[in-house]
Student: 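Handing you this structure, nothing more for now.
Numbering of ligands and ligand atoms starts at 1, following listing order.
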Amino acid sequence: MIFKVIYKDKKPIMRQSQLFTRTKKEAPSDEVAKNAKLLIRAGFVDKLQAGVYTYLPLGLRVLKKIENIIREEMNTVGGQEILMPSLQPKENWQTTGRWDTMDDLYKITDTSGRENALGPTHEEIVVPLAKQFISSYRDLPFSTYQFQNKFRMELRAKSGILRGREFIMKDMYSFHRDEADMVAFYEKMKAVYTRVFERVGIGATTFLTYASGGSFSKYSHEFQTITSAGEDFIYICDKCHLAVNKEIIEDQGNACPQCQSKDLRTETSVEVGNIFELKTKYSAPFNLSYKDEEGKDQTVVMGCYGIGLGRVLGTVVEVYGDDNGLVWPAEIAPFSVHLVELGNKDDKTVREEAQKLYDELTRDGVEVLWDDRELRPGEKFAESDLIGIPLRVVVSAKTLAAGTFEIKNRATGEVFMVERAVLLEQCNQCKVK
Ligand code: ATP
Ligand code: MG
């Protein structure tokens with residue numbers, strides 16, 4: 001049997017009339033977090049149960065853009081991407097002792113009686129994996145990362161996608177011959193993380209934050225973004241653009257760890273990422289060692305580096321979302337341009353003009369969501385604001401008659417009437433580089 005090709009275009013559907021999802025008038029009454037309310041109303045995510053969400057076409061486009069930014073940045077330090085399983089044998093978790101000590105671990109028993117954990121993090125998997133490939137000092141250093149679902153029995157699942165029970169994390173692990181090498185890499189990762197958060201659009205409100213490192217090192221570092229939705233509390237030194245979290249500020253003598261200033265302001269914040277010097281915490285229990293130049297066995301030294309993708313997405317919504325809906329920074333917007341056609345069945349000229357513009361912009365590599373539906377203008381504009389694409393372009397009988405187009409900047413709310421050449425230039429500026 002021969003199947004006919006129905007959709008010749010290999011690009012995803014970008015016409016709103018074809019989207020199977022829709023916006024909603026109301027957010028579910030059990031959602032309290034702004035990020036979840038807006039994302040659900042705008043049709044970006046759907047809630048399955050507390051802390052568990054589906055990413056719908058628009059939401060997944062944003063998530064994938066965040067993922068790609070992180071991937072590019074991890075690759076700059078030589079990170080090698082892998083994908084490890086969620087279903088993890090109990091024995092691995094017993095080796096580190098975390099089977100019994102981790103409160104938020106999901107444990108499952110199958111019908112054969114075998115016990116597994118649903119991975120909340122992957123040290124228990126990546127260390128025995130690395131052990132197969134490390135024997136000599138020549139095999140070090142390296143780093144490996146993945147984008148993978150994590151499962152945690154979070155008690156407070158009230159923050160929408162900021163705190164999921166199932167969520168996607170980028171977790172990277174680095175392996176070194178000694179502490180000096182690990183620390184040098186760790187310092188590089190601070191810069192890499194700073195760049196990730198700048199690129200996703202929250203650089204100005206995200207601070208490298210000193211946190212207590214537990215028993216293994218003096219500090220770990222978190223990246224904290226200021227938002228009233230945050231569950232954390234940080235002390236910011238604006239001069240150094242860094243912060244200290246609540247748990248260690250007293251140890252710090254209530255001063256900036258860099259310039260010692262006591263002129264710190266306090267803010268609530270959310271942890272979008274963190275980096276840890278693991279040292280030999282996980283390599284020791286698995287006997288992950290290498291032979292040095294003298295042939296002596298040495299324990300491998302590790303670091304780990306996490307970023308929650310949904311956490312980042314939700315934080316962007318908390319930071320930029322307004323009374324009318326979502327507001328996306330250009331680099332992670334689901335589309336760059338929202339082409340809103342105010343047509344009328346009997347007048348083909350508006351449709352033709354919209355099609356022409358859509359084709360031209362798409363050819364230029366601009367990502368366009370085309371609202372080709374027959375709805376009242378007010379309804380379309382309200383939806384456009386809710387979805388939050390950076391630039392809205394209106395094509396209507398009115399704009400056609402005037403020989404111009406109407407554009408609206410979602411973030412500033414400014415509306416302009418512009419000629420075609422200016423329009424094309426503006427749309428191209430919005431384009432993700
Ligand atoms: P928190 O203190 O917020 O619970 P954590 O210290 O447990 O975070 P890690 O285990 O270090 O976080 O995870 C690394 C990153 O994964 C965090 O910086 C955050 O971005 C993200 N993350 C952690 N827990 C969740 C969650 N429940 N939902 C979404 N993202 C999460
Ligand atoms: Mg946690």
Student: Counting non-hydrogen protein atoms only, what is the nearest one to atom 15 (C) of ligand 1? Give residue, atom name and distance.
Tutor: G308 N, 3.9 Å
Student: What about the rings of F142 and F175, do their centers lie closer together than 6.0 Å?
Tutor: yes
Student: Out of R152, E166, R163, who is nearest to atom 7 (O) of ligand 1 when you count heavy atoms only?
Tutor: R152
Student: For E222, check salt bridge (charged side-chain N to carboxylate O under 4.0 Å, His left out) against everything at least two apart and list the hits.
Tutor: none
Student: Which of the numbered atoms in ligand 1 are below 4.0 angstrom from a heavy atom of E154?
Tutor: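 Close to E154: 24 (N), 26 (C), 27 (N).
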Student: What is the closest protein heavy atom to atom 30 (N) of ligand 1, and at what distance does it sit?
Tutor: F167 CD1, 3.4 Å
Student: Please step through side chain to side chain donor-acceptor pair (under 3.5 Å) for the pair N409 and E414, ending with a clear verdict.
Tutor: CA-CA 5 Å; N409 179 319; E414 292 166 305; 4.7 Å; no
Student: Does the ring center of H241 lie less than 6.0 Å from the ring center of F207?
Tutor: yes
Student: E383: which residues meet the salt bridge (charged side-chain N to carboxylate O under 4.0 Å, His left out) condition with it, sequence neighbours left out?
Tutor: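 Salt bridge (charged side-chain N to carboxylate O under 4.0 Å, His left out) check on E383 returns R373.
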Student: Are any of the N/O atoms on V272, whether in the backbone or the side chain, positioned under 3.5 angstrom from an N/O atom of ligand 1?
Tutor: yes
Student: Is the contact between D232 and ligand 1 made by the side chain, the backbone, both, or neither, using heavy atoms and a 4.0 Å cut-off?
Tutor: neither
Student: Hey, which of H338, R22, E341, K380 is the one that makes side-chain hydrogen bond (donor to acceptor under 3.5 Å, both in side chains) with Q16?
Tutor: H338
Student: Would you say the rings of F185 and Y305 are close, in the sense that their centroids are separated by under 6.0 Å?
Tutor: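 Yes, close enough.
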Student: Is G310 close enough to touch ligand 1? Criterion: a residue heavy atom under 4.0 Å from a ligand atom.
Tutor: no
Student: Relative to ligand 1, is E271 under 4.0 angstrom through side chain, backbone, both or neither, heavy atoms considered?
Tutor: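 Answer for E271: both.
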Student: Looking at non-hydrogen atoms alone, which of D171, T225, N274, I307 comes nearest to atom 11 (O) of ligand 1?
Tutor: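 Heavy atom nearest to atom 11 (O) of ligand 1 belongs to N274.
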Student: Among all the protein's non-hydrogen atoms, which is closest to atom 14 (C) of ligand 1, and how far away is it?
Tutor: M169 CE, 3.7 Å
Student: So, do W328 and F44 have ring centers that fall under 6.0 Å from each other?
Tutor: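 So the answer is yes for these two rings.
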Student: Does at least one non-hydrogen atom of L309 fall below 4.0 angstrom from an atom of ligand 1?
Tutor: no
Student: Report, in ascending order of atom number, the atoms of ligand 1 lying under 4.0 Å from any heavy atom of G164.
Tutor: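 Selected atoms, number and element: 26 (C), 27 (N), 28 (N), 29 (C).
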